[in-house]
Enquirer: 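Next up is a structure, given as structure tokens.
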Amino acid sequence: MNTGLVALKRLGRHREASVLLMLLVVAVYLSFASEYFLAPRNLLNVGRQASVVAIVALGQALVIIGRGIDLSVGSVIGLSAVVAAVVIRDTGLESVGLFAGLLTGLCCGIVNGLLYTRLKINPFIATLGTLSVARGIALLMTGGIPVPMGGIAEFVGAGRIAGIPVSFLLMIVLAIAVHVFSVRTVRGREIYAIGDNPKASRLAGVDLKATRLFIFAFCGLLAGLGGIILSGNLASADPNLGVGYELDVIAAVILGGTALSGGRGSIAGVVIGALLMALLNNAFVLLGISAYWQVVTKGLVIIFAVALDGLQRGGEDE
Amino acid sequence: MNTGLVALKRLGRHREASVLLMLLVVAVYLSFASEYFLAPRNLLNVGRQASVVAIVALGQALVIIGRGIDLSVGSVIGLSAVVAAVVIRDTGLESVGLFAGLLTGLCCGIVNGLLYTRLKINPFIATLGTLSVARGIALLMTGGIPVPMGGIAEFVGAGRIAGIPVSFLLMIVLAIAVHVFSVRTVRGREIYAIGDNPKASRLAGVDLKATRLFIFAFCGLLAGLGGIILSGNLASADPNLGVGYELDVIAAVILGGTALSGGRGSIAGVVIGALLMALLNNAFVLLGISAYWQVVTKGLVIIFAVALDGLQRGGEDE
Amino acid sequence: AEPPKGGTVAAVENTKGPIKIAFLSFQNNPFWTPVTDGAKAANDYLKGFNATVDFVDLGNELSAEAVVAGIEGALAKQYNGIVVVPIFDGTARIINEATEAGVPVFNIVAEGAAPSERLAFIGQDATSAGEQIGKFIQEKMNGKGKLGVITGYFGATQHTQRMNGAVDYLKANAPDIQIVGPFENKDKAEEAYSLVQDMMTSNPDLSMVYVTAGGPFGAAKAVKDLGLTGKVGVVGFDHTPDNMQYLKTGEMVGLLDQAPYQQALDASVMLYNYLVAGTEPPAKVIPVVGNLLTPADAK
Amino acid sequence: MPSNIVENATGASRAGQPLVRARGVAKAFSGNAVLHSVDLDLYPGEVVGLLGENGAGKSTLMHILSGGLVADSGTIDLAGEPVRFGNVSDGISAGISFVHQELSVVGALSVAENLYLGRFPRTPLGFVDKVLMRASSKALLERVGAGALDPAREAGSLRAGEQQLIEIAKAAGRQPRLLILDEPTSSLTPHEVESFFSYVRNAREAGTAIIFITHRLEEALGLCDRLVVLRNGAIVSERKPAETSREQLIADMTGKPAIYDYKPRAIDENAVALSLRNVSDGVHIEDISLEVRRGEVLGLFGLVGAGRTELLDVIHGVRPLKSGYLTLNKRTFSPRDPSEAVKSGVVLVPEGRKTAGILPQHSVRDNAAISSLRRFASRFFSDRSGEASRIAAFTKSLGIRMANDMQPISTLSGGNQQKVIFARALMAEPQLLLLDEPTHGVDVGAKADLYTIIAQAAERGLTVLMASSEVPEILALCDRVAVLSKGRLAGILERSEMSEDRILTLAFREH
Ligand SMILES: Nc1ncnc2c1ncn2[C@@H]1O[C@H](COP(=O)(O)OP(=O)(O)OP(=O)(O)O)[C@@H](O)[C@H]1O
Ligand SMILES: Nc1ncnc2c1ncn2[C@@H]1O[C@H](COP(=O)(O)OP(=O)(O)OP(=O)(O)O)[C@@H](O)[C@H]1O
Ligand SMILES: [Mg+2]
Ligand SMILES: [Mg+2]
């Protein structure tokens, strides 16, 4: 009995606990309010709907833990999807196209990283710039008209293996990999260190520039993957794909307990954050909540999810 | 000759210098490229177009200098406009309506401030929550249908005094007032102090909670004013007014040299940042830049404006 | 039976037992109000035939992902049929999936260019609506002068089709009309306002502005504030109160609508008929010709 | 509970009422008792030296007196009235000023604004009265011996010692009844220390009660009226400076005599580990040539601004080299980044623990491991289990006091944080160890331990280059000393030539 309490208390110390609690509350409520909620099909839908945000948020989480921010992910999603689709259309080679899409994401990330590390541009502004540039290039490449997408991308975005959405599986695998990476590898731990105190980390021998470049590149790569999944799911690469995604992605990261000031955060939290947001959207559809109340509810849930944590913890920096 | 160089160097030390330079470069280029650019009427138009972003950015700048962030400004613009218009429609009393609109902005700001100071919710998440809630309320109040707006609000939003747009005049007056406030008053200086080192400021006797509450409340009030100007300009209070404004406003603040990590920034910079963004839009139309290149160019200009500063300064935190 | 008021299709007798139809649509501006009303009217009308039409709100942000999530949700809730506002290219796949799963889908208002297995589509063809506006503009401008073009979002299919429908028509049929733009206003009236101001600065001889999507009234307000009423006209879409107001005062010279109420109502009834009696809709694409209002109609 | 029987050397009862009377003050952090039932009286016009090892609880006790922390039990009377402070502002309004151990100036504000933060003077219109503030700042700075500082300067651009003086002036400006100074002298120059002392003496004359915490026993013996020693959270002795000695105090603090004596090391004259040839960074240092031999501890002395930190930065790759060249083990060595230096076995214990040392949100273990992650990694994965045992070894040898190594480093006492930074450097198994003011805030007992550890490492072949402002430290440890003066090498003294006099003479050479 007492050990249960202790376990609960230990859990409470984790920042992601309050979001997890919120997730459970919403889930329990939904399972009473809608007979369809617990249907495996519906639960897997929620998983699939969370997957792109979650995958991109994995990269964003590392960026934010390392004290950066990447506003360009939404546009990179769009550009990568368009590049992949155009290459497939023009060469007919699917693998080349997908590779080109991922490479595009990676390059965008590297550009962000270089703007930050070489030109010393504040990442907020640097990625705000690439947000615009990447979107503009996607529009220029397509003349604003969506390009059809299919094949492997469609399988990844919309296919199922044994009934489980491929993109959801991919999300799970990536989340585990990034989690292990972040807590077990040297680079991963160095990301936390540079986010906590960049100067001290540098003096202690952490290569600031390389680490920063890495996290932006990785985030770009995952955004590229997100673009391919999303366009695959829709079977269409729209140059406007992913508009506004940056806010969802960052919200998932922060909801999951990552500090915007760097140095702290967990991958599990990020996944929970993304799931909570997808669950809310699912709830709106299942319960038939009117659009305007959806907007209000979403805001309230976000606030409550974090208020629990804040109240328990008290101010930190004061 | 040498004094000129010294003055230039001194200017260079200010963070807003590089954006000012960019502004001048774009302006000089435009004055050669388009015969219409230097026409007083056009310049005043640019001023008017910058005014709402600039006014809201004044409040946002104080928030960011104090180490906060307010993502809800766009929604507060919408909600305040709707409340003002609805009150005017229902009571017929214009002054009551405008007062209600400003009060709405103030209340939203106070809510943000309380969520931060009392419930200890990270301001990014707290204001992301109010972003959603405020928008939802605006939509619910109106059923999604714009409400006509007119009278004083229309004069403020679209009127001119001696040919000069009223909203531009208002922006100038407010900018001067906020500048004086920020550099000369006790509260103003304390905002810089809590942004730079909250702990030390608290130990020195600065009331952290009151100061934080104040900046969010003030930012909300200015967003409310922004909503009234914007709806007055269009003679219509749309519940969707101001969607996405937060990014423009924050971009203006950061472009103007304010550090996202708090403690540093100037009001002059904010105004310059807002003007640069308005000038770009003006340039697109005057020069007739082709559609998608507009998007690319905007990103590039943002990057260049800050790259200058970054290169000159080198990394700060390492 | 009689067709319901405002609709053109009558329901057949229900021999199948209870029928559930999901009606998926957005809600973020006045355009959607008649759509919602149409769905409600369909529900009221079909109630008498042991069928319900549930309005499911997809939220206030239009995106393909929201449509996909909505259809997935409707499938999970085991509706018999779906009426949806698909708008985007990317929705074809999930529509096909639903159809394969035995749940017919009726598209209304706008659909992507990618073909899908939907039961039918009722709505306005964006390109021909653009052409319709183009013709109107040609007449209004007497085949010459400068036309400013403001589009909602660069890259939004419907916006682009409306824009190109008009622009291509004018290029072919009225080569003396010079196009200024296009510029993007992100569906915002305030951006349209600023754009018109700037367009008038650099093109004082502009005589017409075409706004393809959101916020035409912002352009009209700019014309009014510049004192150019009567000299410059604005054409755009949708009979919302904001837009109609300037039709009365004369800054707005043409407003095309999409008969959204009728689309919503007829689609629901046709889908019901298909579900209970297998009655195929009259065509795969049922065009709705928009009603083009001019200041004369507003008086 | 440890006995609270105090060896009271002051004996006689004092006239008048104590300003502060603390009785039975106790405090624990999550079950870890840090203070056990402390009794302390403080009288107006008295300077009390508070001594104790790192982690003895000095800062904690001061936080309790000033309102920053609430005691778990016990009472505090201020001027005869029982008080219970809820927060710092209560303490401030009761007349208690606290100069914290960790620097906390607000870098974005000017010097004058820092001095008046929290109580800005106002003009009738409600604006900050800048004129008045500048003028009185000037006077205030003069009082603490920092009259040369421009009150309009941005505080963030000042060096550590100057920031420290600002903090002292800030506290002084509040005209406190009780002034608490927690290691105020750790980054001051000898000259600054002198003027600071005269300020303290003036304040004592004016009737202020003063608590002075330091690890420099000479200072405590020279300045204080009474010396209180805290050990393991309890007061173990109270003595008069005139009636005690360094050795006695050290024994009180540590329970054992802790003295480190220089032992000559056998150094191979030809085994040059690091050599600098005409090194300049173009700003602070110019044309420096010197050689450090394998297993040698070379001191680097200079006055503030002499360029010691910059020289170490150049060697560590923090600062670019403008001209000249370096060799490490006879191979050219030109790190472009500290990461390269660390890879080549050159590690640094930096100056400024808070800004450049600790990772505040990380645990002690993570802090210690950060420099050696790559060294002990197998492929990409870091060696987490090995870390635990390595840090355990250093916890023991350095005497790091903490509950466990997973607690955040920011909850450790200042001196213990410094030891963790030391452990970080040593864990990387370096060939060349660069130390910049390595014993800032470290207690005397631990200092001796650190010296022993450095000496032993040197015996085993580690080369050490140590910048220090404390001549005794140089004399205790170094085989030779290089003295910098205004960025130039003023001379190198062999062990046999080393004396306080000669070192200081060289340091002033370019002045
Ligand atoms: N917030 C805290 N949480 C946990 N432990 C703490 C906290 N603050 C202090 N401690 C512990 O209390 C003990 C006493 O710390 P304190 O800072 O009072 O020591 P000190 O005597 O000032 O040492 P130093 O000379 O190194 O400054 C230390 O072991 C420290 O780890
Ligand atoms: N003339 C100067 N004006 C302003 N700042 C200076 C000046 N000289 C040195 N400094 C700054 O003072 C600080 C200390 O100087 P430096 O590191 O060169 O000396 P040091 O010998 O390491 O002294 P210490 O470390 O004891 O302060 C540095 O941050 C340096 O940039
Ligand atoms: Mg201490
Ligand atoms: Mg130094």
Side-chain angles (χ1 to χ4, degrees), chain B residues 10 13-16 61-62 64-68 117 122 176-211 214-215 257-267 269 313-318, chain D residues 63 66-68 87-93 96-100 102-110 112-123 125-131 133 154-157 163 166-167 170-171 173-174 180 313 317-320 337-339 354-356 360 410:
Chain B
R10 170 156 335 142
R13 250 182 290 141
H14 288 279
R15 292 179 149 257
E16 52 273 44
L62 293 186
I64 293 180
I65 289 172
R67 220 185 251 196
T117 58
N122 171 316
I176 293 173
V178 175
H179 171 77
V180 170
F181 168 79
S182 72
V183 300
R184 296 293 310 276
T185 69
V186 174
R187 223 337 102 71
R189 299 316 293 163
E190 289 182 347
I191 293 171
Y192 280 83
I194 67 166
D196 191 45
N197 192 339
K199 188 171 175 185
S201 309
R202 192 177 60 92
L203 292 178
V206 177
D207 190 339
L208 271 193
K209 284 191 180 159
T211 311
F214 172 83
I215 51 181
T258 301
L260 207 55
S261 51
R264 287 175 204 255
S266 79
I267 298 303
R313 197 167 302 272
E316 303 257 293
D317 54 357
E318 340 172 287
Chain D
H63 279 294
S66 62
N87 56 46
V88 188
S89 13
D90 293 351
I92 292 176
S93 46
I96 300 177
S97 283
F98 189 172
V99 175
H100 290 264
E102 304 296 348
L103 285 176
S104 54
V105 298
V106 178
L109 300 188
S110 71
E113 285 173 332
N114 265 282
L115 294 180
Y116 284 91
L117 184 61
R119 53 185 193 105
F120 285 121
R122 290 169 204 248
T123 61
L125 285 174
F127 293 119
V128 176
D129 192 339
K130 287 204 170 178
V131 182
M133 196 167 70
E154 204 180 80
S157 69
Q163 295 191 353
I166 290 174
E167 302 243 338
K170 183 159 100 187
R174 291 179 192 267
I180 301 171
D313 280 354
V318 180
R319 245 171 205 282
D337 192 76
S339 54
K354 194 175 171 189
T355 53
S410 48

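None of the values given here were measured: they were computed from a predicted structure. Protein chains get the first letters and strands the later ones, always in sequence-line order, with residue 1 at the start of each.
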Enquirer: Let me confirm one number: the OG1-CZ distance from D/Thr123 to B/Arg184, rounded to the nearest 0.5 Å.
Expert: 7.0 Å

Enquirer: If I take atom CD from residue D/Glu113 and atom CD from residue B/Glu190, how far apart are they, to the nearest 0.5 angstrom?
Expert: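 One finds 10.5 Å between CD of D/Glu113 and CD of B/Glu190.
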
Enquirer: In Å, rounded to the nearest 0.5 Å, how long is the span from CG of D/Leu109 to OG of B/Ser201?
Expert: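 It comes to 7.5 Å.
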
Enquirer: Which bit of D/Ile92 is near chain B, if near means a heavy-atom gap under 4.5 Å: side chain, backbone, both or neither?
Expert: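 Looking at D/Ile92, just its side chain touches chain B.
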
Enquirer: Pick from B/Ala204, B/Gly205, B/Ala200: which one has the most heavy-atom pairs with chain D under 4.5 Å?
Expert: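 Top option by heavy-atom pairs under 4.5 Å: B/Ala204.
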
Enquirer: Counting only N and O atoms by type, is there a donor-acceptor contact under 3.5 Å from the side chain of B/Asp196 to the main-chain atoms of D/Gly107?
Expert: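 Checking the backbone N and O of D/Gly107 against the side chain of B/Asp196, a donor-acceptor pair under 3.5 Å is found.
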
Enquirer: Please rank B/Val180, B/Val186, B/Asp207, B/Val183 by heavy-atom pairs under 4.5 Å with chain D and give me the top one.
Expert: B/Val186

Enquirer: Got a second to check how far B/Arg202's CZ is from D/Leu117's CG, nearest 0.5 Å?
Expert: 13.0 Å

Enquirer: Which answer fits D/Arg174, side chain, backbone, both or neither, if we ask what part of it has an atom under 4.5 Å from a heavy atom of chain B?
Expert: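 Just the side chain, heavy atoms under 4.5 Å.
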
